[in-house]
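Have a look at the structure below, then the notes.
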Amino acid sequence: MAAASRLLEEKPGTAVRMSDIAKASGVSRQAVYLHFPTRADLLIATARHLDQVLNVDEQLAASRAATSGRERLDAYIDAWGNYIPQIYGVARAFLAMEATDEAAAAAWKDRMDAMRHGCEAAVRALAEDGDLKPGFDQEKATDLLWTLLSVRTWEHLVQDCGWSQQAYVEAMKYMAETALVA
């Protein structure tokens, strides 16, 4: 999985093959297939492995331990917003391949579903506290937060526009609170 991650970062937009990963790992292609029946399985496992290596659970601990919806929203944005630069190399590769590579699209969807789950938890906490802005149901509020916190938004603001990481995180907190909190 480390070899797959490295290859994805080194060759964004290029479909990394099982044989490439096997060669970079120093094992046979058959050995890779014994553990991962499909390329999609390997790419999903690679993305999840990256989460383990980067200890995403520890980074999300403050959000999960929050005692109010506002606190959870703030902590989630802080955690996710500062996690993006750590995963950006692999994320960029998946984004570049997702339209033409079913396995990469499946891996990206798996990770974005997990990220959406975090957005949903923050929105649910706001709603339980009675702090969700009127006019939003939880699903639409989750949609908005998930879109606001997308890797593409980070990429545009930080990579293309030159925002600092801190400015990005603070702006996302402000925008989310303005849009979602009563």
Side-chain angles (χ1 to χ4, degrees), residues 1 5 8 40-41 43-99 101-159 163 165-182:
M1 291 181 278
S5 182
L8 287 166
D41 292 334
L43 293 180
I44 290 168
T46 298
R48 290 179 179 179
H49 175 74
L50 185 58
D51 285 347
Q52 288 179 330
V53 168
L54 296 172
N55 204 352
V56 72
D57 286 333
E58 183 179 303
Q59 294 186 49
L60 290 167
S63 173
R64 292 173 177 159
T67 58
S68 73
R70 289 173 189 240
E71 182 184 343
R72 185 158 194 166
L73 178 66
D74 188 66
Y76 183 74
I77 293 169
D78 195 49
W80 172 251
N82 285 304
Y83 191 61
I84 294 171
Q86 297 174 57
I87 61 160
Y88 182 64
V90 171
R92 182 179 58 172
F94 287 153
L95 285 166
M97 293 186 294
E98 77 173 323
D101 185 325
E102 285 183 34
W108 186 243
K109 181 182 180 326
D110 178 74
R111 295 298 70 217
M112 290 302 93
D113 286 349
M115 187 274 237
R116 184 181 174 85
H117 180 74
C119 292
E120 183 178 43
V123 167
R124 185 174 44 255
L126 283 173
E128 287 170 357
D129 289 352
D131 286 337
L132 187 59
K133 190 171 266 188
F136 270 116
D137 62 30
Q138 288 185 47
E139 185 175 351
K140 293 239 185 295
T142 299
D143 291 344
L144 182 62
L145 183 59
W146 183 67
T147 301
L148 182 66
L149 299 179
S150 74
V151 171
R152 288 285 194 210
T153 300
W154 177 89
E155 184 178 51
H156 290 311
L157 294 174
V158 175
Q159 297 288 315
W163 286 29
Q165 182 62 29
Q166 182 179 352
Y168 163 78
V169 170
E170 292 306 316
M172 293 306 102
K173 288 178 182 180
Y174 174 78
M175 294 298 296
E177 186 168 322
T178 301
L180 300 175
V181 178

Between the side chains of Thr153 and Ser150, does any donor sit under 3.5 Å from an acceptor?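 On atom types as modelled, these side chains qualify, holding a pair under 3.5 Å.
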Residues Glu120 and Trp146: side-chain donor-acceptor under 3.5 angstrom: no
Can you measure from [atom1] ([X]) to [atom2] ([Y]) and round to the nearest 0.5 angstrom?
X	Y	atom1	atom2	answer
Ile87	Arg92	CD1	CZ	12.5 Å
Lys173	Leu148	NZ	CG	13.0 Å
Leu132	Lys140	CG	NZ	13.0 Å
Leu50	Leu54	CG	CG	4.5 Å
Leu126	Glu177	CG	CD	9.0 Å
Glu170	Asp74	CD	CG	7.5 Å

Does some side-chain heavy atom of [Y] sit less than 4.5 Å from a side-chain heavy atom of [X]?
X	Y	answer
Asp57	Gln52	no
Trp80	Leu60	no
Leu157	Met172	yes
Ser5	His49	no
Arg70	Asp129	no
Asp131	Leu73	no
Glu155	Tyr88	yes
Arg48	Arg111	yes

Step through the shown structure and confirm whether more than 12 heavy atoms of other residues, nucleotides or ligands are within 6.0 Å of CE on Met112. yes
If you count every heavy atom of other residues, nucleotides or ligands that lies below 6.0 Å from Gln159 atom CD, does the total exceed 12?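 Correct, the count exceeds 12.
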Please walk me through it: do Asp113 and Lys109 pass salt bridge (charged side-chain N to carboxylate O under 4.0 Å, His left out)? CA-CA 6 Å; Asp113 286 349; Lys109 181 182 180 326; 2.7 Å; yes
Between [X] and [Y], which heavy-atom pair has the shortest distance, and what is it?
X	Y	result
Ala62	Ala75	C-CB, 3.9 Å
Ile44	Ala107	CG1-CA, 3.5 Å
Gln59	Ala79	O-CB, 3.2 Å
Leu180	Ala141	CD2-CB, 3.7 Å
Phe94	Leu43	CZ-O, 3.9 Å

State whether the side chain of [X] and the backbone N or O of [Y] hold a donor-acceptor pair below 3.5 Å, judged by distance alone.
X	Y	result
Thr142	Gln138	yes
Asn82	Asp78	yes
Lys133	Thr178	yes
Glu98	Ala93	no

Could you check whether the rings of Trp154 and Tyr168 sit parallel, tilted or perpendicular, using 30° and 60° as the cut-offs?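 Judged by the thresholds at 30° and 60°, the geometry between Trp154 and Tyr168 is perpendicular.
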Checking side-chain contact (heavy atoms from CB on, under 4.5 Å) for the pair Phe136/Val123: CA distance, chi angles, key distance, verdict? CA-CA 10 Å; Phe136 270 116; Val123 167; over 6 Å; no
